[in-house]
Amino acid sequence: MIPFVSRASQTEQDAWIATLSKALPEEVIVAFETLSCEQKQACDVAIVANPNPASLLELPNLKWVHSVWAGVEGMIAELDSPNFSIVRLVDPQLAKTMSEAVLAWSLFLHRDMPTYQAQQSRKEWHQRAMVRAQDRRIGVLGLGELGKTSALRLKENGFTVAGWSRSAKNITGIQCFDGEQGLYKLLQQSDILVCLLPLTDQTRGLLNKTTLACLPKNASIINFARGAIIDDAALLAALNQNINHAVLDVFSQEPLSSKNGYWEHPQVSVLPHISAPTHPDSASQIVANHIRTYREFGTVPQAVVLTRGY
């Protein structure tokens, strides 16, 4: 028996359990709340989605948990030195979905859509000079699976693309930077900056007054990673200086407060965390395959390094 541990609504939990059960019919997947004390003692693996840490501590023989989400920093922050492994979702379909969103909003910025929207509100007819894709420099922060796939998709569409990661990477056709000095080099040559970094102690507040000031005049930002990577006050100040527009899909507090200044800022596009939602069908197949391998060989999938956060 495998518990599904989540703080989602009952309707969402039921939907996940149904999809997971279809992908893994040989197992019995149930809501955590339905487990007896004896069943809790017997659980060695759990499937989770924003779980209550207290619930996981009621499973004393738990060896590992599989998240149906790619981001697990919230769970790591809430758990105090867990004695079980945490496996996050690595879904190739998720990378494709994210690259689609990155391309769409990069084109939105590249073709000056915010400016034309503003002109429409003023009933103003003015054709702006077009910039060729190869002359538009796009920098991608984070070159994991999501960042790599997005960078290559931008490259395929004619943009000049560079990327930055904590450790050195080599991606054909993409200029790759790493380390502190590499970060500044990337920022200085990014007309559009796309953030796809995981949230860790090292990336929290990475885009701040100092780093944002390194971007070229009239640069734009897309943040599809985590809200806390950006210093909100610094970004709002930079929007009045060197940054032309920001597309924000993630925020430190979600849902975004109705009083937040981003909502009505003319240089900000607010999205409700929709750039790359987990698709239950593909996620369930990945979870099912990992659990089958574990049952047959006792092999736990590659787990998150807690000190690193991913």
Side-chain angles (χ1 to χ4, degrees), residues 67-73 88-114 131-178 183 186-187 189-200 203 206-207 215 219-227 229-230 245-251 269-287 302 310:
S67 175
V68 296
W69 293 351
V72 294
E73 68 279 349
R88 69 186 186 95
L89 182 71
V90 179
D91 186 350
Q93 181 59 49
L94 189 69
K96 292 178 182 177
T97 302
M98 178 62 83
S99 72
E100 177 182 87
V102 168
L103 176 61
W105 288 95
S106 294
L107 288 168
F108 172 82
L109 296 169
H110 168 60
R111 295 302 298 266
D112 284 329
M113 292 301 108
V131 176
R132 298 179 305 172
Q134 64 262 38
D135 296 327
R136 185 76 72 186
R137 303 168 300 173
I138 302 183
V140 178
L141 291 178
L143 293 174
E145 195 61 33
L146 297 183
K148 176 183 177 181
T149 303
S150 294
L152 290 172
R153 190 158 190 172
L154 290 167
K155 181 69 177 178
E156 289 169 2
N157 281 270
F159 292 104
T160 297
V161 185
W164 178 86
S165 56
R166 188 173 65 100
S167 56
K169 296 286 179 67
N170 184 17
I171 303 173
T172 302
I174 308 296
Q175 185 179 19
C176 297
F177 296 96
D178 62 276
L183 174 63
L186 176 84
L187 294 173
Q189 66 178 52
S190 296
D191 302 314
I192 298 174
L193 182 70
V194 180
C195 183
L196 294 173
L197 289 165
L199 179 61
T200 66
T203 63
L206 182 70
L207 295 177
L215 290 167
S220 296
I221 288 180
I222 298 173
N223 187 13
F224 287 168
R226 288 292 183 265
I229 294 173
I230 292 182
H245 200 87
V247 176
L248 305 177
D249 185 50
V250 287
F251 305 90
S269 295
V270 172
L271 302 174
H273 205 141
I274 47 79
S275 56
T278 297
H279 196 285
D281 288 340
S282 60
S284 294
Q285 288 296 333
I286 290 168
V287 173
Q302 182 176 350
Y310 59 93

Any chance you could measure [X], atom [atom1], to [Y], atom [atom2], to the nearest 0.5 Å?
X: Leu248; Y: Cys195; atom1: CG; atom2: SG; answer: 10.5 Å
X: Ile192; Y: His245; atom1: CD1; atom2: NE2; answer: 11.0 Å
X: Thr203; Y: Ile229; atom1: OG1; atom2: CD1; answer: 4.5 Å
X: Phe108; Y: Ser220; atom1: CZ; atom2: OG; answer: 9.5 Å
X: Leu196; Y: Ile222; atom1: CG; atom2: CD1; answer: 9.0 Å
X: Leu152; Y: Ile171; atom1: CG; atom2: CD1; answer: 6.0 Å

Quick one: are [X] and [Y] in side-chain contact, heavy atoms under 4.5 Å?
X: Leu193; Y: Leu187; answer: yes
X: Leu154; Y: Val102; answer: yes
X: Cys176; Y: Asn170; answer: no
X: Ile286; Y: Pro92; answer: yes

So, for [X] and [Y], which heavy atoms are closest and what is the spacing to 0.1 Å?
X: Ser282; Y: Gln93; answer: OG-CB, 4.1 Å
X: Asp91; Y: Ala283; answer: OD2-N, 3.8 Å
X: Met98; Y: Ala276; answer: CE-CB, 3.6 Å

Taking Ser275 as the fixed residue, which of Thr97, Asn223, Asp249 is the one that meets the side chain to side chain donor-acceptor pair (under 3.5 Å) rule?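 Output: one option passes, namely Asp249.
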Are the side chain of Arg226 and the backbone of Leu199 linked by a donor-acceptor contact shorter than 3.5 Å?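 A pair under 3.5 Å: no.
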Would you say His273's side chain and Phe251's backbone share a donor-acceptor pair under 3.5 angstrom?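 Such a contact is absent between His273 side chain and Phe251 backbone.
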Give a yes or no on this: more than 12 heavy atoms of other residues, nucleotides or ligands lie within 6.0 Å of atom NZ of Lys169.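 Yes, the 6.0 Å shell around NZ holds more than 12 heavy atoms from other groups.
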Contacts under 3.5 angstrom, residues 138-151 side chains, donor-acceptor by atom type, not counting sequence neighbours:
residue : atom : partner : partner atom : Å
Thr149  : OG1  : Glu145  : O            : 2.8
Ser150  : OG   : Leu146  : O            : 3.0

Run Val194 and Trp105 through side-chain contact (heavy atoms from CB on, under 4.5 Å) and show every step you take. CA-CA 10 Å; Val194 180; Trp105 288 95; over 6 Å; no
Which donor-acceptor pairs under 3.5 Å do side chains of residues 157-165 form with protein atoms, sequence neighbours excluded?
residue : atom : partner : partner atom : Å
Asn157  : ND2  : Arg153  : O            : 2.8
Thr160  : OG1  : Gln134  : O            : 2.6
Trp164  : NE1  : Gly179  : O            : 2.8
Ser165  : OG   : Ser167  : O            : 2.5

Who pairs with Asp112 by side-chain contact (heavy atoms from CB on, under 4.5 Å), at least two apart in sequence or on another chain?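 Residues passing side-chain contact (heavy atoms from CB on, under 4.5 Å) with Asp112: Thr115, Tyr116, Arg128.
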